[in-house]
Novice: 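One structure, as structure tokens, below. Some questions next.
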Amino acid sequence: MSIAPPSDTLVNVLWIPAGLSCDGDSVSLTAAAQPAIEEIALQAIPGLPKVKFYWPLIEYSTGDEFLQAFFKAERGEMDPFVLVLEGSIANEAIKSEGYWTGFGNKAGSDQPRTFSDWIDALAPKAWAVLAAGTCATYGGIHAMAGNPTGAMGALDYLGWDWKSSAGVPIVCVPGCPVQPDNMSETILYLLWQAAGRAPMIPLDEAGRPQWLFGNTVHEGCDRGSYYEQGQFAETYDSPKCLVKLGCWGPTVKCNVPKRGWMGGVGGCPNVGGICIGCTMPGFPDKFMPFMDEPPGGHLSSTLIGGYGALIRQLRSFTTHTLDKEPKWRHKGTQLTTGYNPRRGA
Amino acid sequence: MAVQARPQSGTSAAQSRLVEMSWDPITRIVGSLGIYTKIDFGQKVVAECHSTSSIFRGYSIFMKGKDPRDAHFITSRICGICGDNHAACSVYGQNMAFGVRPPHLGEWVLNLGEAAEYMFDHNIFQENLVGVDFCEQMVRETNPSVWEKAKAKQAPNAGIHGYKTIADIMAALNPFTGDFYREALTASRYTREMFCLMEGRHVHPSTVYAGGMGTVATHQLFTDYYTRLMRYIEHMKRAVPLHDDLFDFMYEALPGYEHVGERRILLGCWGAFQDPEYCDFDYKNMTNWGRKMFVTPGVVVDGKLVTNDLVQINLGIRILLGSSYYDDWQSQETFVPNDPLGNPVDRRHPWNMHTNPRPQKRDFNNNYSWVMSPRWFDGKDHLALDTGGGPLARLWSTALSGLVDIGYIKATGNSVVINLPKSVLSGATSFEWKIPKWSNTIERDRARTYFQAYAAAAALHFLDKSFEELQAGRTRTWEPFTVPQDAIGCGFTEAVRGVLSHHMVIRDGKIANYHPWPPTPWNANPRDIYGTPGPYEDAVQGCPLFEENGPENFKGIDIMRTVRSFDPCLPCGVHMYVGGGKTIETVHSPLAPFG
């Protein structure tokens, strides 16, 4: 089998962080190491196409040329391109004038061009739309009840059944912010797909890559065994299972406790932080108040209580036995290991 | 090329060529920033500057009625690079409102997390974002004569950092191809791992709560942090002398460069790192425990310390309108007429303000920004304090107060001494940051590199204290509390790029009013109701220009260096037009050569 040579295809990545965002997903991507952004940009992974990023975070240029790439994309001169959206999409239609959020100015105007206006112009031309972070995917924090901007996610704005001209549904990498490697790995996959080296990206019903979001927090949490043994934290600094203190891990789709936050370090319930469901379309309202026990938590933790206590007792007997060395390890003139040279020979 | 030039009245066109130029958006900040200027190419000076923000999200509105314990989970999301500073500030305010004092170890763990944030954030900003403004590629394009001088100039500290000439330093800062640029990117990752050890995840922490931390404190936790910290200290022993060489050279190569980004010394610092021995989060004792913080709060005017009393600092904050898209709140409710000490609290104070957004057309002669204008009232004037990008105000305030003395760090009254221990490749090293003559672009940038060393030195102290607690068997990091029906709270800290306050009012057990005031609004605000420009506007307006390019291929490098010296969260794509939108920029994407 031959090594996949670098592809000659050029894929442009146009990144607009100008939704209602904190730029945390851009920042997160700089933390990624699996792969690191420089490895993608340098085609340092076999099979990657040529990639050119138009990503404001590390952009050298200070000129209109940066925006020109976006205007060119609008004119169909940047194909194929991946459009990365960061931040929730404010509803600009609910007011008579002004703007909630803008990105540069409208051509020939002194007024800002809104994020939604850019999406209207670019999404129909994009090879794929990648929504980075929960704000861009489902609305997130800025779409919380009582918000004044009417914010929403890309699925709400473009439609849950929306597909790009290349037939790719909206690719959603939720997380507040995105786990760094989840983001860089999804970019890598899309670039491979664009180069014809991977099949259609497998997504779940909410647009999430299946291999990253197919399991619950609980299924990957190293405190899950405390749950199984019916041991629940009563204070936030306890090393035990946090479900009674507000952790939604058993019901939330996310791989962070398993993967760690970066370099295998950190995470959420595995290191003492309740899961507040930040990868879910129902975030944040359906998880608030964050520090109250989830409604189902009481029932499930009560049910597991008796079973867990029994299991814990039995395991402690076994552990006690395993904590003792075998009796033949001793000093003296006698060998008691059971070794028999005649039989053994 | 059509450049829109207008002769100034009273001067000839040859002497004074006024050109409208704008950079919009400066996208690397939370809430996009635009800088609109009139530049006099005859006199080589910025004649006028307006700063505008193009985002509104409405935190103070949608937080109303929410559970007060959720405040830090929500407000962390304000900022994607220093969200944890918001979380920390919010739990300080919650602790005050709930009347809870975390166990000492919990506070040390939070301090270690926050120290790692400074180490990471200043590092990536300084080398990977600001550094690009001083890299070979940029200097060649903006000031070819400076590049020639840099090639000839031996770096005084070459023996320490390994770069023979200033040009070698500049080349090392080239995006991606520069080796110091790449070293810094790596440092930004292991410092974030240090952060994650203490606060769970970056940038919105998972283990921070009112009452303390969810982090399980073990020897392994602190050892994992220690080993990475010592790697960073090794890095900083080279980074500080490297930047001294670079910045000293700028003054030498371009006489008069001290006036770039210079403004009156008007600095605010709200203090950082609580000392759990003293901090009980009781407002009535805030003057005392504020002065025990490991970065001393202070207001510095014309080089003199006006106050280091957090109560006085708190009461002096005023939020002014004037050029922003909000309606006033004069007819609306006053939540907190008096503070817990009985002092009157102004209607324009964050405890009493209301957020009434009114989207409208941008008009530089009227309203032009989503940012309000925070000011500090000294009893006479509404001062437009800036943060010096964070480090300049922190070091200045700490130096003048002379209160910090922990072995690794000593504030002397006119300087700050930072002592770093032996590491793998180098012996013990001391740095001394001395109060500079100016509050300007170069000194904001220089202070940043020194403060990175400061944060590392402070972390060594926090580790010592953590081990003390651990070895004494005091391993608790969180203390239970109950949420009162009615209460007020405030938190003060230093976000990476400067002053941060959170003010909360609780009624019927819910949030009735919540107003965070982060550093960027202090720096990036528009003209207030009195016509006083915000700090960016002030620092850019009147800025002399040293760039060798004319209007045809002007990059605005001195203006960009000035804006970035304030650390507007993250700088980058800045977009320039001349006159009627005529583009004069060419693009130089750092990734382009590799694509």
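FYI, side chains are in, hydrogens and waters are out, and symmetry mates aren't considered; it's all heavy atoms of this structure. In the text below, chain A, chain B and the rest are named by the order of the sequence lines, each starting its count at 1.
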Novice: Heavy-atom distance under 4.5 Å to chain A: side chain of Lys66(B), backbone, both or neither?
Specialist: side chain

Novice: Which region of Thr149(A), side chain (C-beta onward) or backbone (N, CA, C, O), has a non-hydrogen atom less than 4.5 Å from a non-hydrogen atom of chain B, or is it both or neither?
Specialist: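 It is the side chain, since no backbone atom gets that close.
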
Novice: Do the side chain of Gln360(B) and the main chain of Glu97(A) share a donor and acceptor less than 3.5 angstrom apart?
Specialist: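 Judged by distance alone, no pair lies under 3.5 Å.
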
Novice: Locate the shortest heavy-atom distance separating Phe62(B) from Ala145(A); write the atom from each residue and the value.
Specialist: CB-O, 3.8 Å

Novice: List the atom of Tyr209(B), the atom of Ile274(A), and the distance in Å for their closest heavy-atom pair.
Specialist: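 Nearest pair, atom of Tyr209(B) first, then Ile274(A): OH-N, 3.0 Å.
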
Novice: In terms of heavy-atom pairs under 4.5 Å, which option from His142(A), Glu234(A), Lys95(A) contacts chain B the most?
Specialist: His142(A)

Novice: Which residues satisfy the salt bridge (Lys or Arg N to Asp or Glu O under 4.0 Å) test with Arg189(B), sequence neighbours excluded?
Specialist: Glu38(A)

Novice: Between Arg57(B) and Ser88(A), do the side chains contain a donor N or O and an acceptor N or O under 3.5 Å apart?
Specialist: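 Judged by distance alone, the side chains do not pair up.
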
Novice: With a cut-off of 3.5 Å and sequence neighbours excluded, list every side-chain donor-acceptor pair involving residues 262-273 of chain A.
Specialist:
| unit_1 | atom_1 | unit_2 | atom_2 | d |
| --- | --- | --- | --- | --- |
| Asn270(A) | OD1 | Cys268(A) | N | 2.8 |
| Asn270(A) | ND2 | Gly266(A) | O | 3.2 |

Novice: Please report the interatomic distance CH2(Trp261(A)) to CD(Glu199(B)), rounded to the nearest 0.5 Å.
Specialist: 13.5 Å

Novice: Can you tell which part of Ile276(A) gets under 4.5 Å to a heavy atom of chain B, answering side chain, backbone, both or neither?
Specialist: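 Side chain only.
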
Novice: Identify which of Gly260(A), Pro148(A), Pro284(A) forms the greatest number of heavy-atom pairs closer than 4.5 Å to chain B.
Specialist: Pro148(A)

Novice: Around atom NZ of Lys286(A), are there more than 12 heavy atoms from other residues, nucleotides or ligands closer than 6.0 Å?
Specialist: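 Not buried by this count: 12 neighbours or fewer within 6.0 Å.
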
Novice: Take Met291(A) and Val483(B) through the side chain to side chain contact (heavy atoms under 4.5 Å, CB included) test and state the conclusion after the steps.
Specialist: CA-CA 12 Å; Met291(A) 288 171 74; Val483(B) 179; over 6 Å; no

Novice: Is the closest side-chain heavy-atom distance between Cys278(A) and Arg201(B) below 4.5 Å?
Specialist: yes

Novice: What residue, out of Gly24(A), Cys176(A), Pro239(A), has the most heavy-atom pairs lying under 4.5 Å from chain B?
Specialist: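 Of the options given, most contacts go to Cys176(A).
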
Novice: Heavy-atom cut-off 4.5 Å, strictly under: side chain, backbone, both or neither for Tyr190(B) against chain A?
Specialist: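 No part of Tyr190(B) comes within 4.5 Å of chain A.
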
Novice: Would you mind checking which part of Phe195(B) comes under 4.5 Å of any heavy atom in chain A, side chain (CB onward), backbone (N, CA, C, O), both or neither?
Specialist: neither

Novice: Out of Thr475(B), Thr477(B), Asp67(B), which one racks up the most heavy-atom pairs below 4.5 Å with chain A?
Specialist: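 With the most close heavy-atom pairs to chain A, the winner is Thr477(B).
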
Novice: Under 4.5 Å heavy-atom distance to chain B, tell me which part of Ser109(A) shows up: side chain, backbone, both or neither.
Specialist: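 Neither part.
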
Novice: Kindly compute the distance separating CG (Leu57(A)) from CG (Asn128(B)), expressed to the nearest 0.5 Å.
Specialist: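 Rounded to the nearest 0.5 Å, the CG-CG separation comes out at 9.0 Å.
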
Novice: At what distance, to the nearest 0.5 angstrom, does OH of Tyr59(B) lie from CG of Leu20(A)?
Specialist: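 If I round to the nearest 0.5 Å, the distance is 9.0 Å.
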
Novice: Please confirm whether the backbone N or O of Tyr99(A) pairs with a side-chain atom of Trp370(B), one donor and one acceptor, at under 3.5 Å?
Specialist: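 Looks like yes, one N/O pair under 3.5 Å.
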
Novice: Most heavy-atom pairs under 4.5 angstrom with chain B, which of Asn147(A), Val256(A), Ile141(A)?
Specialist: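 Looking at each option in turn, the highest pair count goes to Ile141(A).
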
Novice: Pick one of side chain, backbone, both or neither for Cys275(A), based on which atoms fall under 4.5 Å of a heavy atom in chain B.
Specialist: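 Cys275(A) has no heavy atom closer than 4.5 Å to chain B.
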
Novice: Side chain from CB out, backbone as N, CA, C, O: work out which of these in Leu185(B) comes under 4.5 Å of a heavy atom of chain A, or both, or neither.
Specialist: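 Leu185(B) touches chain A through side-chain heavy atoms alone.
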
Novice: Using non-hydrogen atoms and a 4.5 Å limit, figure out which bit of Tyr325(B) sits close to chain A: side chain, backbone, both or neither.
Specialist: side chain

Novice: How about CZ on Arg358(B), more than 12 heavy atoms from neighbouring residues, nucleotides or ligands closer than 6.0 Å, or not?
Specialist: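 No, not enclosed.
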
Novice: Find the one option among Val216(B), Thr207(B), Asp70(B) whose heavy-atom pairs under 4.5 Å with chain A are most numerous.
Specialist: Asp70(B)

Novice: Rounded to the nearest 0.5 Å, what separation is found between the CZ atom of Arg77(B) and the OG1 atom of Thr134(A)?
Specialist: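 That separation rounds to 8.5 Å.
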
Novice: Where is the tightest heavy-atom contact between Arg69(B) and Pro289(A), given as atom of each residue plus distance?
Specialist: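 Heavy atoms of Arg69(B) and Pro289(A) come nearest at NH2-CB, 3.9 Å.
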
Novice: With chain A, which of His202(B), Met213(B), Met63(B) has the greatest number of heavy-atom pairs at distances under 4.5 Å?
Specialist: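 Going by pairs under 4.5 Å, I would pick His202(B).
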
Novice: What residue, out of Gly19(A), Gly98(A), Ala36(A), has the most heavy-atom pairs lying under 4.5 Å from chain B?
Specialist: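 Sorted descending by pairs with chain B, the first entry is Gly98(A).
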
Novice: Is the shortest side-chain heavy-atom distance between Arg192(B) and Pro180(A) below 4.5 Å?
Specialist: no

Novice: Quick one: closest heavy-atom pair of Trp478(B) and Asp237(A), and the distance?
Specialist: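 Smallest heavy-atom distance, with atoms named: N-OD2, 3.1 Å.
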
Novice: Look at atom NZ of Lys244(A) and say whether more than 12 heavy atoms of other residues, nucleotides or ligands are closer to it than 6.0 Å.
Specialist: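 Enclosed: over 12 neighbouring heavy atoms sit under 6.0 Å from NZ of Lys244(A).
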
Novice: Among Gly212(B), Gly200(B), Gly58(B), single out the residue with the greatest number of heavy-atom pairs under 4.5 Å to chain A.
Specialist: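 The candidate making the most pairs under 4.5 Å is Gly200(B).
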
Novice: Is chain B contacted by the side chain of Ala233(A), its backbone, both, or neither, given a heavy-atom distance below 4.5 Å?
Specialist: neither

